[in-house]
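To find a chain, count down the sequence lines: A is the first, B the second, and so on, and within it residues start at 1.
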Protein chains: 2
Amino acid sequence: MARARRTTKEKLLDAAEKLFARKGYHGTSLRTITRAAGVDLALVNYHFGGKQPLFEAVLERRGALLNEERLRRLAAVRRAAAPAPASTEAVVGAFFDPILDFLEHADRGWHSYFSLLAEVNNSPEWGKRMMGKTFNATVKQFIEALMQSLPEAAPQDVYWGYNFLTGALTLSLAETGRLDVLSDGLCRSADVAALRARLGPFVAAGLRGLAGR
Amino acid sequence: MARARRTTKEKLLDAAEKLFARKGYHGTSLRTITRAAGVDLALVNYHFGGKQPLFEAVLERRGALLNEERLRRLAAVRRAAAPAPASTEAVVGAFFDPILDFLEHADRGWHSYFSLLAEVNNSPEWGKRMMGKTFNATVKQFIEALMQSLPEAAPQDVYWGYNFLTGALTLSLAETGRLDVLSDGLCRSADVAALRARLGPFVAAGLRGLAGR
DNA sequence: ACATATCTTCAACGAACGTTGAAAGATCTG
DNA sequence: CAGATCTTTCAACGTTCGTTGAAGATATGT
């Protein structure tokens, strides 16, 4: 309870985030959201102007924080390696670590947010427009850093590599519980430490394999 | 026009497949589907018993074909390598190639199907139950083959590796068009040959990197 | 050709949807 | 404290939703 009291806007964003993550945009009604938030139905339209603007506000809220943190870390690893380009491992670390840190140390809302992001990223309806609006500028800088770290790789290989990288990431964030079932409980989707130990090595090795293909 | 005439069931499955892929389960109404299929609204309940059974039938139809083809190829690469275990590259090839071949040589319906699969796989609502029902038995055989191809890897590494692998695959199948935007048209999401040339090397290298971590 | 089973049409049901406007309340400003 | 502005409540709007049952058409088997 750090904050004095949540505003109506925040209550709506929190409830919407959780429910959109669970059932998607069309599977969640404004009445379900406002009931969970404990506010009146009409307040969605007053504060956000409609259902879709609320959805976009949910994506934008933590997206901005994530972009900030990612760029901060990218600058740090570049500074540490200068004048040489940052290594592939360091760049993918700067891309993944903010997410993993938020999941491990910050409020539960990030879990819902990333789960929602996973679904949005894989959806033809939202994937291009919504992900692009929030993340393209940042992502392009990471792709550029990846190219510099892999000078022998063709640009197409890096673009495709980024596609694989973000696919591997988002499925891991989706919290489908599938991994738990497949491994008969040996692995747990929610085990952030286990994910952290493996995602970076997998992706870095994959990118190098692609570059030296 | 190979078939004499599509039955009502097939018309419904085809239309539902395309529309579910575009807007998801909740974003698609039965009226939209039946209008696209050119059949009466009530026929969904007559032939399938409701909206959800129709959705499951869509996933099941091509899923069964995909499982068959995957297992056929897995058996082939195992036979070719016997008595040694099949290589990691050969196993991931047996997993990916049926999809890539269907996309390149078979009817357009596979595009919609895989796009839908990408969304389902990343959704908390469907990811565990629906994917598991159709694919778990087959997937477990591939994971076992991967373990045999990487005897130095811990089982947890292979489970997580499979998770990354299928994440990279499904995002590539989602047809969000995001890759096209990010690369300013240099790469095209729909370019199956470009995907085929890169997905296998990326994933095999990633798995090896994970095993030797 | 007739009886039977299968398939299709049509009209309608109650429920839930996103959105709206007017009135009531709360908070801020001078 | 009074007036203006921001916020919340309430009731209702027109639409669309999934599902249903009875009637009609078509196909099947003898």
Donor-acceptor contacts, no H, no angles, side chain residues 137-146 of chain B, under 3.5 Å, sequence neighbours left out:
from	atom 1	to	atom 2	distance (Å)
B/Thr138	OG1	B/Asn67	OD1	3.1
B/Glu144	OE2	B/Gln148	NE2	3.2

message: Apply side-chain hydrogen bond (donor to acceptor under 3.5 Å, both in side chains) to residues B/Asn163 and A/Ser172 and explain how you reach the verdict.
response: CA-CA 7 Å; B/Asn163 189 68; A/Ser172 303; 3.0 Å; yes
Item to complete: Give the C-alpha distance, both sets of side-chain angles, the deciding distance and a yes or no for side chain to side chain contact (heavy atoms under 4.5 Å, CB included) between B/Trp126 and B/Glu119.
Response: CA-CA 9 Å; B/Trp126 310 107; B/Glu119 216 170 336; over 6 Å; no
How close or far is atom [atom2] of [N] from atom [atom1] of [X], stated in whole angstroms?
X       : N      : atom1 : atom2 : answer
A/Phe48 : D/dC6  : CZ    : P     : 17 Å
A/Leu54 : C/dT19 : CG    : P     : 10 Å
A/Phe55 : C/dG18 : CZ    : C1'   : 16 Å
A/Ile33 : C/dC17 : CD1   : C1'   : 12 Å

For residues 50-60 of chain B, run the donor-acceptor check on the side chains, cut-off 3.5 Å, and write out each pair with its distance to 0.1 Å, sequence neighbours left out.
from	atom 1	to	atom 2	distance (Å)
B/Lys51	NZ	B/Tyr25	O	3.0
B/Lys51	NZ	B/Thr28	O	2.8
B/Gln52	NE2	B/Glu56	OE2	3.4
B/Glu56	OE1	B/Lys133	NZ	3.0
B/Glu60	OE1	B/Thr134	OG1	3.2

Pick out the pairs of N or O atoms, protein on one side and nucleotides 7-9 of chain D on the other, that lie under 3.5 Å.
from	atom 1	to	atom 2	distance (Å)
D/dT7	OP2	A/Tyr46	OH	3.1
D/dT8	OP1	A/Thr8	OG1	2.5
D/dT8	OP2	A/His47	NE2	2.6

(request) List in chain and number order the residues that pass salt bridge (Lys or Arg N to Asp or Glu O under 4.0 Å) with A/Arg22, two or more places apart in sequence or in another chain; answer none if no residue qualifies. (result)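 Here no residue qualifies.
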* To do: With sequence neighbours left out, write down each residue that passes side-chain contact (heavy atoms from CB on, under 4.5 Å) with B/Thr34, or none if nothing qualifies.
  =>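 Residues passing side-chain contact (heavy atoms from CB on, under 4.5 Å) with B/Thr34: B/Leu12, B/Val39, B/Leu41, B/Val44.
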Q | For B/Ala64, all residues meeting side-chain contact (heavy atoms from CB on, under 4.5 Å), sequence neighbours excluded | A |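 Partners of B/Ala64 under the side-chain contact (heavy atoms from CB on, under 4.5 Å) test: none.
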* Can you pull out how bent the helix from C/dA1-D/dT30 to C/dC28-D/dG3 is, comparing the axes over its first five and last five pairs, to 10°? =>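 It works out to 20° between the end axes.
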Worksheet item: Is there any salt bridge (Lys or Arg N to Asp or Glu O under 4.0 Å) pair reaching into residues 163-181 of chain A, and which pairs are they, with sequence neighbours excluded?
Response: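 Every pair satisfying salt bridge (Lys or Arg N to Asp or Glu O under 4.0 Å) with a residue in residues 163-181 of chain A: there are none.
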Does anything in residues 24-48 of chain A form a salt bridge (Lys or Arg N to Asp or Glu O under 4.0 Å)? List the pairs, not counting sequence neighbours.
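Checked against salt bridge (Lys or Arg N to Asp or Glu O under 4.0 Å) - neighbours excluded - no pair reaches residues 24-48 of chain A.
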So, B/Ser115 versus B/Ser112: side-chain donor-acceptor pair below 3.5 Å or not?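 Per modelled atom types, B/Ser115 and B/Ser112 side chains form no pair under 3.5 Å.
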Item to complete: Apply ring-ring contact (aromatic ring centres under 6.0 Å, His included) to the pair B/Phe20 and B/Tyr113, showing each step before the final yes or no.
Response: CA-CA 9 Å; B/Phe20 281 145; B/Tyr113 178 75; over 10 Å; no
Proximity to DNA chain D (any heavy atom under 4.0 Å), residues of residues 23-31 of chain B only: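 Residues of residues 23-31 of chain B under 4.0 Å from DNA chain D: B/Thr28, B/Ser29, B/Leu30, B/Arg31.
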Reading nucleotides 22-29 of chain C from 5' to 3' and marking B where a protein heavy atom lies under 4.0 Å of the base, S where only the sugar-phosphate is that close, and - otherwise, the string is --------
Between B/Asp101 and B/Arg73, is the closest basic N to carboxylate O distance under 4.0 Å?
->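 The answer is yes: the pair qualifies as a salt bridge.
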Next item on the list: Name all pairs fulfilling the ring-ring contact (aromatic ring centres under 6.0 Å, His included) condition that reach into residues 178-206 of chain A, sequence neighbours left out, sorted by first residue then second.
Entry: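 As it turns out, the ring-ring contact (aromatic ring centres under 6.0 Å, His included) pairs with a partner in residues 178-206 of chain A, which skip direct neighbours, are A/Phe202-B/Phe164.
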